[in-house]
Amino acid sequence: MDVTQDMNAQKKWMQLPRDVVVGHGVIDDVKNVCADLKLADNALIVTGKSTRKIAGDIVHDSLTDSGQRVEMIVSEAASMKEVDRVRKQALESGVEYLLGVGSGKSIDVAKLAATEIEVPFISVPTAASHDGIVSSRASIRDGNKTASIQANAPMAVIADTDIIAEAPYRLLASGCGDIISNCTAVLDWQLATRLQNVPFSEYAAALSSMTAQILIDSADTIKPELESSVRMVVKALVSSGVAMSIAGSSRPASGSEHMFSHALDKVAPVPALHGEQCGVGTILMMYLHGGDWKSIRDALQVINAPVSAEELGIEDKYILEALVLSHTIRPERYTILGTGLTPDAAEIVARKTKVIS
Ligand SMILES: NC(=O)C1=CN([C@@H]2O[C@H](COP(=O)(O)OP(=O)(O)OC[C@H]3O[C@@H](n4cnc5c(N)ncnc54)[C@H](O)[C@@H]3O)[C@@H](O)[C@H]2O)C=CC1
Ligand SMILES: O=C(CO)COP(=O)(O)O
Ligand SMILES: [Zn+2]
């Protein structure tokens with residue numbers, strides 16, 4: 001390797017949000033954040049049908065009152081078709097920036113559309129259901145496949161704890177499952193580094209593990225309708241997002257437990273929430289790692305997040321099918337699943353961890 005190649009190998013480009021505003025009533029700060037980012041006019045808000053009433057209209061009116069031209073588009077599905085629709089409207093109107101106001105789907109659609117037309121994107125989550133509210137990844141369905149696509153990180157994240165505390169508690173508990181899943185994601189990453197010398201970031205891994213551990217240690221403080229709980233979870237989601245930005249991939253926050261969740265999304269007739277499935281996946285994968293799966297299960301139970309097939313609302317047979325399928329989801333990402341579980345091994349791990357009974 002010559003010197004130039006060696007220097008290029010060392011190059012690191014991390015994209016992080018510039019403004020992260022978390023707290024009671026901070027939805028009213030959207031206009032201030034825009035002023036800080038010098039986004040003065042011509043916004044497009046992507047929101048959901050119900051989240052429009054919860055937050056979309058507030059953001060629209062507040063930006064309009066501050067003298068901006070603002071358009072709004074209601075989008076219910078995180079699909080390529082929706083990304084195209086948003087991109088088209090944004091280009092026709094010559095918008096300066098996009099805002100995703102709502103849950104995971106609205107944020108992903110706005111994030112990817114903004115990336116494609118190279119304009120800034122602001123994330124205004126109404127729920128803390130997973131770390132996609134902060135990260136540079138967008139999960140988008142194309143036909144019958146869902147792809148996790150690299151996008152630009154939000155320029156700003158504005159998380160109003162008052163609004164998020166009013167969201168169904170299930171969404172917050174799901175966010176906790178997504179954070180706790182960092183435990184096995186990092187173990188998988190370390191394993192892949194030892195076996196395959198994949199690029200590894202000590203800083204990203206340490207931040208990701210520490211974030212999960214803080215939440216596990218504070219599990220008994222996570223309660224419905226408490227803004228302090230929301231604040232704790234949002235801060236953890238921000239940390240997870242930062243860990244992914246440092247790594248330049250979702251490795252610190254997505255390992256075998258996420259592959260299990262992605263597999264469930266494929267096989268279950270009605271999948272549960274992303275973070276709920278990842279939480280149960282973490283119990284299963286921690287067992288395979290020979291780690292302390294019981295403390296993962298305990299923490300999820302204290303939070304009141306699902307720990308079994310029954311609590312996920314998914315039949316046992318789909319859990320077993322997903323377990324056997326998991327290693328095929330992202331073959332380039334080596335994990336504890338190795339070349340896969342046999343059906344009888346899948347049944348043993350699911351029974352031993354009480355995921356099925
Ligand atoms: N970009 C990424 O890295 C990631 C993206 N995803 C994607 O995100 C999507 C799932 O996101 P979720 O937020 O879990 O679900 P979701 O976007 O389907 O929203 C769940 C429900 O919560 C409702 N909701 C949201 N805020 C509310 C509030 N304040 N009050 C009342 N109801 C409220 C929504 O209207 C919706 O019906 C999927 O498309 C998934 O693939 C999942 C994980 C990571
Ligand atoms: O959900 C994520 C991290 O929590 C993103 O991971 P994926 O790369 O598996 O979509
Ligand atoms: Zn996740």
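Atoms within a ligand are numbered from 1 in the order they appear, just like the ligands themselves. Positions are given from 1 along the sequence.
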His130 and ligand 2 - part of the residue with a heavy-atom distance under 4.0 Å: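 Neither; nothing of His130 gets under 4.0 Å from ligand 2.
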Listed once per pair and sorted, the side chain to side chain donor-acceptor pair (under 3.5 Å) pairs that draw on residues 186-195, sequence neighbours left out: Asp188-Ser256, Asp188-His289
So what's ligand 1 close to, N/O to N/O, under 3.5 Å?
from	atom 1	to	atom 2	distance (Å)
ligand 1	1 (N)	Asp108	OD1	2.9
ligand 1	1 (N)	Asp108	OD2	3.4
ligand 1	1 (N)	Arg137	O	2.8
ligand 1	6 (N)	His130	NE2	3.4
ligand 1	8 (O)	His130	NE2	2.9
ligand 1	11 (O)	His130	NE2	3.1
ligand 1	13 (O)	Gly104	N	3.0
ligand 1	13 (O)	Ser129	OG	2.6
ligand 1	14 (O)	Ser129	OG	3.4
ligand 1	17 (O)	Ser103	OG	2.7
ligand 1	17 (O)	Gly104	N	3.3
ligand 1	17 (O)	Lys105	N	3.1
ligand 1	19 (O)	Ser103	OG	2.9
ligand 1	26 (N)	Thr126	OG1	2.8
ligand 1	29 (N)	Thr126	O	3.0
ligand 1	35 (O)	Ser50	OG	3.0

Which protein N, O or S atoms sit under 2.8 Å from the Zn ion (ligand 3)?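 Checking every protein N, O and S atom gives Asp178 OD1, His258 NE2, His274 NE2.
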My understanding is that we take every heavy atom of each candidate and find the minimum distance to atom 3 (C) of ligand 2. Doing that for Asp131, Asn182, Ile329, Thr146, which one comes out nearest? Asp131
Out of Cys278, Ala243, Ser250, Gly132, whose heavy atom is nearest to atom 5 (C) of ligand 2? Ser250
I need the Leu323 CG to Leu341 CG distance, nearest 0.5 Å. 6.0 Å
Should Ser139 be counted as touching ligand 2, given the test is an N or O pair under 3.5 Å?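 No, there is no polar N/O contact under 3.5 Å.
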Less than 3.5 Å between some nitrogen or oxygen of Ser148 and one of ligand 2, yes or no? yes
Hey, are Thr282 and Glu257 close enough side-chain-wise for a donor-acceptor pair under 3.5 Å? no
Keeping to residues at least two apart or across chains, list the salt bridge (charged side-chain N to carboxylate O under 4.0 Å, His left out) pairs with something in residues 80-104.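 Non-adjacent pairs meeting salt bridge (charged side-chain N to carboxylate O under 4.0 Å, His left out): Glu82-Arg85, Asp84-Arg87, Arg87-Glu116.
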Met259 near ligand 2 by a heavy-atom separation under 4.0 Å: no
